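Structure, as structure tokens:
Each chain gets a letter, A, B and so on, in the order its sequence line appears, and its residues count up from 1. Just so it is clear, the structure is predicted and the values come from calculations on it, not from any experiment.
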There are 2 protein chains.
Amino acid sequence: MRTEVCETFGIEFPLFAFSHCRDVVAAVTNAGGMGVLGAVAYTPDRLEEELRWIDAHVGGRPYGVDVLVPARIDESAERAGRGEGGLETMLAAVPREHWEFLFGLFERYGVPLPDFEKARRGHSRGGTQVTREGAAELIEVSLSHPIRLIASALGTPPPLMVDRAKERGVPVAALVGTAEHARRQAAAGVDLIVAQGGEAGGHTGEISTMVLVPEVVDEVAPLPVLAAGGIATGRQMAAAMALGASGVWCGSVWLTTEEAETPPPVKAKMLAATSRDTVRSRSRTGKPARQLRSAWTDEWEGPGSPGALGMPLQMIIAEGAMRQINKVAETGNPGARELANYFVGQVVGQMNAVRPARRVVHDMIEEFADAVARLNAITGAH
Amino acid sequence: MRTEVCETFGIEFPLFAFSHCRDVVAAVTNAGGMGVLGAVAYTPDRLEEELRWIDAHVGGRPYGVDVLVPARIDESAERAGRGEGGLETMLAAVPREHWEFLFGLFERYGVPLPDFEKARRGHSRGGTQVTREGAAELIEVSLSHPIRLIASALGTPPPLMVDRAKERGVPVAALVGTAEHARRQAAAGVDLIVAQGGEAGGHTGEISTMVLVPEVVDEVAPLPVLAAGGIATGRQMAAAMALGASGVWCGSVWLTTEEAETPPPVKAKMLAATSRDTVRSRSRTGKPARQLRSAWTDEWEGPGSPGALGMPLQMIIAEGAMRQINKVAETGNPGARELANYFVGQVVGQMNAVRPARRVVHDMIEEFADAVARLNAITGAH
């Protein structure tokens with residue numbers, strides 16, 4: 001394909017794949033698209049390890065990194081995270097009624113309680129990475145690798161990120177859910193805007209891709225815009241580009257690929273789910289994020305719930321809980337299977353078979369060409 | 001354009017225009033698309049009058065009628081509507097706390113109270129048309145005119161509608177918000193499915209157009225599918241057809257045309273609104289319907305609200321209230337202006353100038369061609 005984005009990034013197809021899994025990132029990059037590693041769950045050391053692995057597997061082909069830099073976070077939690085004690089202090093900031101609700105949930109669903117502090121320390125920094133300081137460390141690690149894109153998934157990237165990236169000649173992308181945010185991102189010096197519709201998985205607004213993309217394209221022209229949300233097939237990719245997008249940014253579709261590290265009970269749920277089986281809920285991160293509807297989301301939105309906390313506190317308790325739920329769900333525990341979920345968009349209804357990531361890329365490109373041919377047949381006679 | 005839908009309906013562009021305004025219906029039909037009159041607000045006599053006017057203004061060109069036939073309605077209200085007293089009996093079924101909330105709302109916003117019974121009797125049958133019997137009368141009036149399409153906006157069309165339409169050789173269309181509903185509609189004998197995404201104005205589900213259209217197309221193939229929701233420009237029309245739709249069904253975009261009978265204060269709000277200024281609320285009809293966010297929706301969703309009633313009771317009190325609010329808003333009453341709203345989709349953000357309906361059609365077709373040309377430029381080099 002010939003697009004400005006393909007030329008800028010040295011890729012064959014303007015197809016960006018957001019994934020927390022390095023294998024997916026490498027597979028899409030090697031298939032002619034651009035893999036972007038979601039770094040939010042990693043410690044700096046772990047991120048370093050993942051990026052080294054990717055460097056060793058893409059033969060110099062372009063890939064990127066996505067860091068979650070929230071514009072507004074719970075400042076008391078941030079202060080706690082910065083102070084002595086770190087995670088322990090943050091855990092202490094979780095109100096008693098939230099702990100009680102959570103422990104009650106585990107009890108009612110017959111899932112053994114995790115040791116929150118131990119579980120979190122053993123695996124990651126548990127939400128502290130979504131403070132500004134945490135994000136800064138991840139940015140530094142990322143820029144020490146030959147990445148070709150650094151993205152900010154939430155809010156305007158801080159000047160630190162833009163400045164440091166520009167020093168290294170690395171383009172900066174930012175996800176937006178409204179035209180107004182896109183204008184602010186453009187003013188902040190972002191090189192590539194990802195306009196993400198409300199049907200997308202993860203943190204998302206309410207304006208649909210069909211409405212948002214042309215608005216954002218017109219707002220920030222001539223900056224290139226990628227469309228995100230509702231895109232898992234070549235028809236949807238063609239639709240996005242008919243709307244004026246210069247390419248697409250897909251996240252959900254990789255979660256059921258062969259390479260994905262999605263916990264098996266969640267993967268099975270996704271393969272069985274329809275497009276009606278997602279919900280936009282604050283129950284995993286404290287901010288509205290689209291995810292599989294499950295007993296977890298139902299209980300947090302239900303009448304007995306104390307309501308989700310803000311970010312990052314809700315993220316800390318939800319991540320610790322989900323790690324345990326997934327572990328126990330794999331043993332067949334029915335309550336844990338009911339609770340298990342993950343971020344995913346409405347396209348989950350079209351994710352019905354496990355494919356290698358490379359095959360997803362090729363299927364999309366082939367179907368894209370078919371869609372364009374069909375449009376030509378319609379106008380050809382005119 | 002050459003599509004199956006164009007051939008079936010004898011139209012130049014597969015662009016269907018839903019409007020309650022006969023002038024819009026005629027203008028779109030005369031411009032090469034297909035106008036579809038929304039008949040829900042009319043008495044049978046008034047509908048007869050409107051269709052005669054359209055017949056006299058389209059020179060035999062094709063147009064259609066849309067009737068609201070709810071699958072499930074409040075049966076006690078339906079019984080009341082059928083019994084002696086009609087509207088009066090239905091009004092009596094509205095709980096006291098809802099009247100009190102409504103009267104309090106008028107008082108707080110400084111709007112004189114309407115005489116609900118008188119206002120409603122003077123203008124229409126106020127919600128009784130959304131009973132099954134009410135719909136049957138409108139269907140009979142419609143089929144006595146040379147219409148080329150009869151559509152059911154809500155729920156599976158009753159066998160009566162399908163059978164009577166087929167006797168007359170009139171194709172039947174039905175709006176759906178999920179693939180499952182589309183399958184049921186196809187089984188009920190519908191000829192044309194309108195897949196309406198959650199970004200649409202009026203009664204709508206939650207699945208976005210980008211996700212819903214390919215699902216429905218695959219579900220009911222080879223039945224033709226029109227895409228609805230988020231479509232007000234040629235880029236969006238091209239996107240919809242890239243998704244596999246055989247055409248598009250637009251409603252919101254006509255509300256700010258020259259011909260539209262949209263109350264001036266509401267039209268002004270729409271021209272100023274962004275795509276963020278709509279909300280899916282039960283406050284106008286009792287079923288979730290996307291509309292302009294206003295003091296009306298905020299108050300009904302707010303803490304002091306008794307909650308919306310079901311359909312048609314909520315529709316009865318909301319229509320009576322809105323008629324008064326619009327009348328008073330036109331005199332400049334600030335409270336009435338705050339309350340005023342109307343059904344509209346997220347595309348309201350792109351409705352920034354008043355154009356004749358014919359011009360909207362031509363702009364869409366021209367932009368459609370541009371979008372296809374851009375897609376060709378992308379694939380051409382491949």
Among [options], single out the residue with the greatest number of heavy-atom pairs under 4.5 Å to chain B.
options                                : result
A/Cys6, A/Ala238, A/Pro214             : A/Pro214
A/Asp218, A/Val213, A/Ile231           : A/Asp218
A/Thr233, A/Asp370, A/Thr178, A/Thr274 : A/Thr178
A/Ser275, A/Ala240, A/Gly345, A/Gly197 : A/Ser275

Checklist line | B/Ala373, part contacting chain A, at a heavy-atom distance under 4.5 Å | finding: neither

Next item on the list: Report the C-alpha separation of B/Arg276 and A/Glu206 in whole Å, then their side-chain angles, then the decisive distance to 0.1 Å, and conclude whether the salt bridge (charged side-chain N to carboxylate O under 4.0 Å, His left out) test is met.
Entry: CA-CA 8 Å; B/Arg276 304 175 78 169; A/Glu206 297 191 86; over 6 Å; no

Find the one option among [options] whose heavy-atom pairs under 4.5 Å with chain A are most numerous.
options                      : result
B/Met237, B/Glu215, B/Glu180 : B/Glu215
B/Glu199, B/Gln236, B/Gln346 : B/Gln346
B/Val372, B/Thr278, B/Leu243 : B/Leu243

Check: Given a strict heavy-atom distance threshold of 4.5 Å, which part of A/Ala232 is in contact with chain B: side chain, backbone, both, or neither?
Finding: neither

Margin query: What part of A/Glu367 gets within 4.5 angstrom of chain B, counting heavy atoms only: side chain, backbone, both, or neither?
Written below: neither

Sub-4.5 Å side-chain heavy-atom contact between [X] and [Y]:
X        : Y        : result
A/Val217 : B/Arg235 : yes
B/Met210 : A/Ser208 : no
B/Leu375 : A/Met241 : yes

Notebook entry, point to check: Which heavy atom in B/Val211 sits nearest to a heavy atom in A/Gly230, and how many Å separate them?
Noted result: CG2-CA, 3.7 Å

Next item on the list: May I ask you to check whether over 12 heavy atoms, not counting those of A/Arg355, lie within 6.0 Å of atom CZ?
Entry: yes

Item checked: Within 6.0 angstrom of A/Arg359 CZ, more than 12 heavy atoms from elsewhere -> no

Note to self: Is it the case that the side chain of A/Arg374 and the backbone of B/Ala242 share a donor-acceptor pair, with hydrogens and angles ignored and the cut-off at 3.5 Å?
What the structure shows: yes

Next item on the list: Quick one: pull up OG1 in A/Thr379 and CG in B/Asn376 and give me the separation to the nearest 0.5 Å.
Entry: 7.0 Å

